Structures are given as C-alpha cells and as structure tokens.
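So that the names make sense, note that chain A is the first sequence line, chain B the second, and so on, each numbered from 1. In this text the structure is predicted, and so the values were computed from the model without any measurement.
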Amino acid sequence: MPETDPLEAGDHLVLIDGSAYIFRAYHALPPLTRTSDKLPVGAVAGFCNMLWKLVRAGESHSGFSPAPTHLAVVFDKSEQTFRKEIYPLYKAQRPDLPDDLIPQFPLIREATRAFDLACVEQEGFEADDLMATYAEEAKAKGALVTIISSDKDMMQLVGEKVRMYDPMKDRAIGIDEVFEKFGVGPERVVDVQSLAGDSVDNVPGVPGIGVKTAAQLLGEYGDLDTLLARAEEIRQPKRRQSLIDFADQARLSRELVTLKRDVVLDVPLADVAVVEPEGRRLVAFLKAMEFTTLTRRVAEAYGVEAAEIEPDPRLKAGADPAISPVAAAQEKAEDDEETEEAAARGEGELTPAALVGARIAEATATPVDRSKYETVATPERLAAWIAAAREAGIVALDTETTSLDAMQAELVGVSLAVGPSLACYIPLGHKGGDDGLFSEGLLPDQIPVNAAVEALRPLLEDPAVLKVGQNMKYDWLMLKRYGIDVTPHDDTMLMSYVLDAGAGPHGMDPLSERWLKHTPIKYEEVCGKGKGQICFDRAAIDKATAYAAEDADVTLRLWRVLKPRLVAEGKVSVYETLERPLVAVLGRMEMRGVAIDRQMLSRLSGEFAQGMARLEAEIGELAGEPFNPGSPKQLGDILFGKMGLPGGRKTPTGAWSTGADVLDDLAEQGHELPRRILDWRQLQKLKSTYTDALPTYLNPETGRVHSSFALAATTTGRLSSSEPNLQNIPVRTEEGRKIRKAFVAAPGCKLVSADYSQIELRLLAEIAEVPALRQAFQDGLDIHAMTASEMFGVPVAGMPGEVRRRAKAINFGIIYGISAFGLANQLAIPREEAGAYIKRYFERFPGIRDYMDATRAYAREHGYVETLFGRRCHYPDINAKNPSIRAFNERAAINARLQGTAADIIRRAMARVEAALQAARLSARMLLQVHDELIFEVPDEEIAATLPVITRVMEQAPLPAVALRVPLRVDARAAENWDEAH
DNA sequence: GCAAGGACGTA
DNA sequence: GTACGTCCTTGCA
C-alpha cells in the first residue's frame, strides 16, 4: 500500500483521471486484445505503459520530470453526484459503455494496485472534484501538480503550479494552451463554459453562444456576473435577448461546470505518496495481461526473472489453443477442389470456360468473413501462417505502409491470405496515440520489423510458392527495399488489365464489387479523410487487421477468378510476356531514379521568374488594367470583351476560348497582347511544372528523382508516369530543352537515349499492308517526303518544306484515326481541302482505307480491338447512339492497334534488355521509358559496347512472336544530359 | 478543402 | 484526329 508521506513544497503531485483515461484510451488507441482469450485490454495496456513511464521518470529519459513524489489515480465512484441533483439531465447523454470497455475498468484498478499506487474514489463526487481538491491542497503547500486528463473541464485548474497533460495527444496544457482553447485564462474558463455549454455533458449554456462569442463577451465585460447584469448593453439584438432570457440557465451551467475544490477527502494527500512497486507482483500482473514487452522491461528494471514468475492466477486467461491456420487452410483447399470438380462435372468436362464459371460462382458464394482474420502478434503465430502458405503453395500478400510513395514509405504491416477468409495481418510498425512522453511509440504485441522480414523472406523468395498481389509493383518495391526479392508473383490488377483494359477500372475495390459482389472496407474508414486523416501507422490495430487482411483475402479470391479467365480467353501469354515481367523491371527502374541538377533548375526558375515579371508588366500595360494572365476567364473578357478582338470562340461551357491556337491567330494578326500571353504561359508552365516542381521530388535518401510508372493506366498498353511525370519533359522549344539539360548522368556515366524511329508509322505500313509504305521503310526513305511525292506528284529532291509538312500531318492524322475536321484544324486549311487530301491519300494507299474500315467493323462487332501481340483494348462506347461519341471511339480503336502494338514492342524490349546487358557483362541501368524511347545510365567506358546491345534488343523485340515485314530502326546516343542524348 | 474546366507539356 | 499527367483558377461546400 502507498505509504504516508506528507506533501511538501517542491514535491510533485500527479493526478490521473482514471475514468476519463479509459474512455479516451478506448477510442484513441488501437483496440488490443489479450492473445490467448481475446480479452480486450487496449486501455489497460496504454494505462500500464503510462504508469511505467511515470514511476520510472526519475531514471528514464522520458522527459517527464520531476519524478512524482505523490500520485493518485482517481475514479468516479457512482453516477449519483450533487450535479445530478441540481440538474437531472447532467451527463444524461452519455451512451452506454461498449461491451469491450466494461471489463477494462476493474483491470485498470488492478493495474493501479499492481504498481503500488493509490486508487481513489469517493461516494457522491466525480473524479474531477476530487482532483480539484487534491490539486488545491497541493498548490497551497507549494507543490507542483500535474493533472493527467483530456477533459477540458479540468482546464479551470491550470495555473502557475498546476499543469495538465493530455495523454492521448501527448501534449502539455499550460496557461497558453488554455487561452488557445477558450480564448480566456483558466480563471475565466468556467464562465466561458457556462455561456457556451457542453453538448457532451449536457451542460445547457446560453443558446446561440459558442466558445468564441463567450470569450469575446467576457473580454468586454470581465466576468459572467457582470456580463449578465449588463446584458441590456449588448449591441447584437439576438445575442442580447438570449443572454437576458437564459441568464438563469447560464448560472445553473456555472454550478455544473465549476469543480468543487473543498471535498472532505477520505484519502488524505499524505497517503498517496509514491513508493517503489514490488517488482514480482507487478510482473505477475503484466504476465497475466500478456503484455510481453512491458513485462520484459519491468523485469529487467527490477532485476527479476520474468520466466520464473507465475502470471497472477486471478487474472490470467484460461488458455484456449487457437485453431491452426495450417489445418484450416488444408481443409479449405480440399473443399475447393471438390467444389470445382463437381462444377466441372456439371459442365460435362473440365474446360477452361467451365472452370471460370465454377470460380465465378464460388467467388460470390463464399462470403468474406472478417471475424476469421487473425492479428499476428508473436513469431510463433507468424511461423504458423508461413507454414500454411507453404502448404497451400500460394499466398496473397499486401503491405501496409506510411506512404503511397513506395520509395519513401516505411513498412507498417503485412497481410497474408491462404484461403477464403483465411487471412491474417502482421502489424509491425503501429504507433500509439501516447508515444513520446509515455511510451516508446511502438504499440506492444508487434513483431520487430527485422524479425518479421527475416521470417517472411524464405517464403516470399521461395520459388515453389506463388505470391499474389494487387498492384504487385508497389509491394515488390516495398519489400525489395527491405531486402526481400518477391518471386514468383502474380498480379490481379494486371490480369484484369489484360482481360478488360478499357472496359472498367482495375483497382481492388471495383474488382471486388464486380467479381465477388463484396465491398471491402474503405481506407477512409480506417484512417479518416481530409484534414483529420491519420497515417496508417496510427490506425487502430483491429481496424487495420480487418482492412489489411481483407485486402489479401480479396486479392486471393480475385486471383481464383481471373487466372482461369486468362486461360479461357487465351491471354496467358500476353499476361506472362507483356505484363508480369514488367513488375520487377519497373520496380528496379523506380528504385534507381534519375539524377537532376538542382542548381541548374533553380537558376532556370530565376530566369523564368524574371521573364514572367517583365511580361506581366507589359501585359498590364497592353490591357490597360492589371489582371491575372493565368486566368483564362479574365483574359477572355479583356481580349474579346473590352478590346473587342475578332475570332472569339467559345469553349463547351460557354466561356471564351483562349487556347494557344486562338491566341496564335490573334498574334498573327499583329496583336501584341496575345503574343505576350503566350510567352508568359510558356514560362509559367516551365516554371511551375518543371523547374519549381522537379526538385521537390528529390528523394532525400537517394538524391534522385523516382517517378512512378503505371502499368495498368492506359487503354492501349502504354505506360504512364507520375509524381513526377517524366514522360512529358519539354523538348520542343529552346527554353524547354534547358530543362532537359538538367537531367544528368551519375559521375563517371553518360545518359543513353535509345528511341524507335517512327515506330507507329512503320506499324501502320505493316498492319495495313501498304506495299509502297513498306517498301519505303525497307529502302530507308524519308517517309513523309515519299508520302508527299506520291500524293502531290512532287519529286522528293528539292521538295518545298510546306509540302512535306502537310504530308507529315496527314501521316500522323492517319495514326490518330484521321477526320477532315481534325486535319483542317491541324493544317489551318478549309475542311473541304482537308477532305480532299484524305480522299487522295486513300486513293493512293487503298490498303489504309481498308485497314481503317476493317478495324472499325471489328471494334463494332467485338467491342474491342487487338494489337499484333494479342493485347485487347476495349471500347464499350463504340456503338453509342451519339455519332460524335461513336466517331471518337472509332478513331481511338484505329489508333489503339498502332499505339498498342508499339507499346507491346517496347514492353518486350524492356523485359529482355536487362538480361541481355547482364549476359554481355555490362552494367547499364535502365532508368526511364518515354513510349518509344528508353533512357539508360551507362559507365563511360562501357558505352561503345552497350549501344549495340540495347539497339539489337529493341529492334528484335517483336521476335519470335511476330516477324514484321518492315524493319524497326532504333537510334541510340550517349551524352552528359538527356537533351544532348536525345 | 474539393471537383471541374482550361491550358499545355510529352509521344 | 490518339494516349497521358500536372498546374492553375474558379465555383461550390
């Protein structure tokens, strides 16, 4: 029991609001359950960690000082208090206690006793009143008081010698913080609360007056009594009336919120002195609670052997051996086989289509059961799950991290699934709401990250166990950064992409809705959204388990549907040659990143800013008034309203169109302002999107920029790049190319750029079977000049630039699914003239018209088109009633065969080039892909040997699947920076 | 704070 | 006329 030791000046009294702590801990901390019997103990764990920090404060580095000399944990004794007597509705709103919270109350009391600390409660009083009385008495004796509570009512006690500590927010509350919260000092807190009321405790206050208004009024009138007495003087009529009408209610509220500081204490202050806890008893309690980490710490601190101490027999769990997931998985697997065979028998034979049917039926027939998920808290349980995965030969995998950026994220947890609803979550890096001062940050019952990584590695690298992920590149990269090479692997997102690109989204939630008819828990439900969103490492572990284990569970279920579909629809080789290998290839590219010259970009930013400032001055002058040149709305009003310039077009929403083409026309007519605006826009674009933004993407660890390449983002099979997008670095203008120069090679290296020359046009010649075009490519002719010559009968030698330019525009137009309207726009010629060009082109190259007609017809019939390598691009709106929507889809479908085939070819090259370089003992590292171009970083001395390897792999990429009749040509060059290599 | 629209960089 | 991603302004909550 606590000893008697009168409190003196300089002592430190700590008062803990036990009831409030339990409530707050229940909601703020991840709900933790005792491993052996699932007894909820989250609040108890948080409480014990806090007490441990407090009693060890003198010796530890917790920063909580001075060490308490006296400490009391204060509880509410009963519901019936003097406040209820004067206002029966007081705290009537309190909801019933959650079931998993109730058993924690007695455990908190037990914990307090185990720490040999005083546990105080007193009939008829709330804990707050007892604490106020203790605090008042201690203050009078010159002691320091710390109140550990999150209850804002306690703020009225704060003063010179009395501070608060919010254990959930890990934040000290002094006079300044009280001001921040209430707009008044602690002595006026009661007045503010009397006016503002409190909906949680059902304190009525004065209607229409909140904390802000209350503080403002009190600032003006001094205190509550003065304010109520002079209410007539208030200027705002509504406010005045409210204060007059509800003066009594304000006074009643004051009674309710004012803490009683003169309770006759059953336990005198002297009796709450802190004594050293009895180590063995404390360890016995902690062992009964199964708080492994804290048990170890306490045992170490008191020099006792935890293993020799029996858990407190009154509190320990009646251990109940958990069901082994190994056995369960086996059982389930056997069930599944029977189901499948039965289904297949029903179809007559085990055809791929029958299997797909069976799997789709199974997917919706087996509901997701989150109650089966396990939170893995010990290495033993982890080992059991790893064994289950080996047994199954397949495991779905998902990593939870601190960031969407796999290059910066830290691992927070890993989930595994070995069968339907047979999933677990292994929390590794979850932090508590009370870290910092009161604990080590990491929540208890988590396997150390390193230990988990080492335990998982043999499984994740086991060639005999297939790892399934949804967007596996993220998890692959994440785990690679922790030293694990996940292989072999499948990716449900990529399977969906191969099967349904263009026909729907490939994210996990929509796939789950579509195939499993199941709605997974949203990320927002675990971590909130908007401003209040928390990082996953702060998520409650039970919610995290439901969310993360479900992701793995759903992923495995999706795999069971999509894998057979690949077989049934003949897309296995597309998936295995164009998609799956790219996971690791892109993962490595992203890990490498690319070097940029930060100084160069910074200097450019300055130059661009100067140019913009100069232009802004001229723009203001020309417009006759200052306006924002970045606002198309304001610009349109100035140009076509105020200045009345001709040629004004409207955008689909009815606003003035101020696009570059419009401004360019106006500039041609000799107007100065549009020219300046165009110049300004160029600088603005270059500065904001490139010179300012790129350096913010520099990874502090690597000093390089790591873009993310998306494999399943386009309908055609192209990759996309984001954060930052490195596929749209300027190249067309001189100013823009300065940015490209800032992309540099590592010291001792050069950048090598290797790009396919006119690949889509070559593919047009191939696919549309245009002998003249094919021949031209075989002969290495200037294809645009040749086209012009064929069309206009002009000899190639001495051809005017304008003629060639028009032919080039037509060639590109064909690739984009040409329309007279579009070509007219591009060439700035009348629609009729453009139509005539197209007509002549088709006459000269009839194969192209046939190709376009055939593609249109195929797309209309099937709803998709296919590339030369079998990749499907879906166009569900190809048969739309709306002619312009239909025409748009037709053009897109025509383009997709060419763009998609080109994308397939470069994917094939990327999948092979690393091995080819390795085989040639070259150390070139592929960094970027820009649709028809690959960028490598190559040591200076290896460049000569590297260029032919890259070129060969790229040019031969279609083989052996497809032997093109047109040659592919690749140009490769090395230089210090990307601009010169390109 | 968020979504839509406009504008513009690339292949 | 194809395919993307990002920045800024604007209008709404």
Over all strands shown, is [X] touching base, sugar-phosphate only, or nothing at heavy-atom distances under 4.0 angstrom?
X      : result
A:S720 : sugar-phosphate
A:I815 : nothing
A:A902 : nothing
A:Q634 : sugar-phosphate
A:L898 : nothing
A:A834 : nothing

A:T577 versus A:R912, side-chain donor and acceptor atoms under 3.5 Å: no
A:R732 side-chain N/O to B:dT10 phosphate OP1/OP2 under 4.0 Å: yes
Side-chain N,O (A:T689) to OP1/OP2 (B:dC8) below 4.0 Å: no
Tell me: [atom1] of [X] to [atom2] of [N], nearest whole Å?
X      : N      : atom1 : atom2 : answer
A:K633 : B:dA7  : NZ    : C1'   : 17 Å
A:D692 : B:dG9  : CG    : C1'   : 15 Å
A:N628 : B:dG6  : CG    : P     : 17 Å
A:I677 : B:dA7  : CD1   : C1'   : 13 Å
A:L934 : B:dA11 : CG    : P     : 14 Å
A:R740 : B:dT10 : CZ    : P     : 8 Å

Ionic contact status for A:R860 with A:E890, cut-off 4.0 Å: yes
A:E672 bridged to A:R675 by N-O distance under 4.0 Å: no
Ring-ring centroid check A:Y841 A:Y837, cutoff 6.0 Å: no
Contact residues, residues 657-667 of chain A to DNA chain B [heavy atom, < 4.0 Å]: A:S657, A:T658, A:G659, A:A660
Non-hydrogen atoms of A:A911 and A:V585 that approach each other most closely: CA-CG2, 4.3 Å
Pairwise 5' ranking along DNA chain C for A:R718 and A:E723, keeping only the more 5' one: A:R718
DNA chain C: 5'-most and 3'-most nucleotides touching chain A, 4.0 angstrom heavy-atom criterion: C:dG1 to C:dG11
Straight-line distance of A:Y756 OH to A:R762 CZ, nearest 0.5 Å: 11.5 Å
Interatomic spacing from CG in A:L582 to CG in A:L711 - rounded to 0.5 Å: 5.0 Å
Stepwise side chain to side chain contact (heavy atoms under 4.5 Å, CB included) check, A:L764 with A:Y851: CA-CA 9 Å; A:L764 175 71; A:Y851 155 76; 4.1 Å; yes
Donor-acceptor contact below 3.5 Å, side chain A:K808 vs main chain A:I783: no
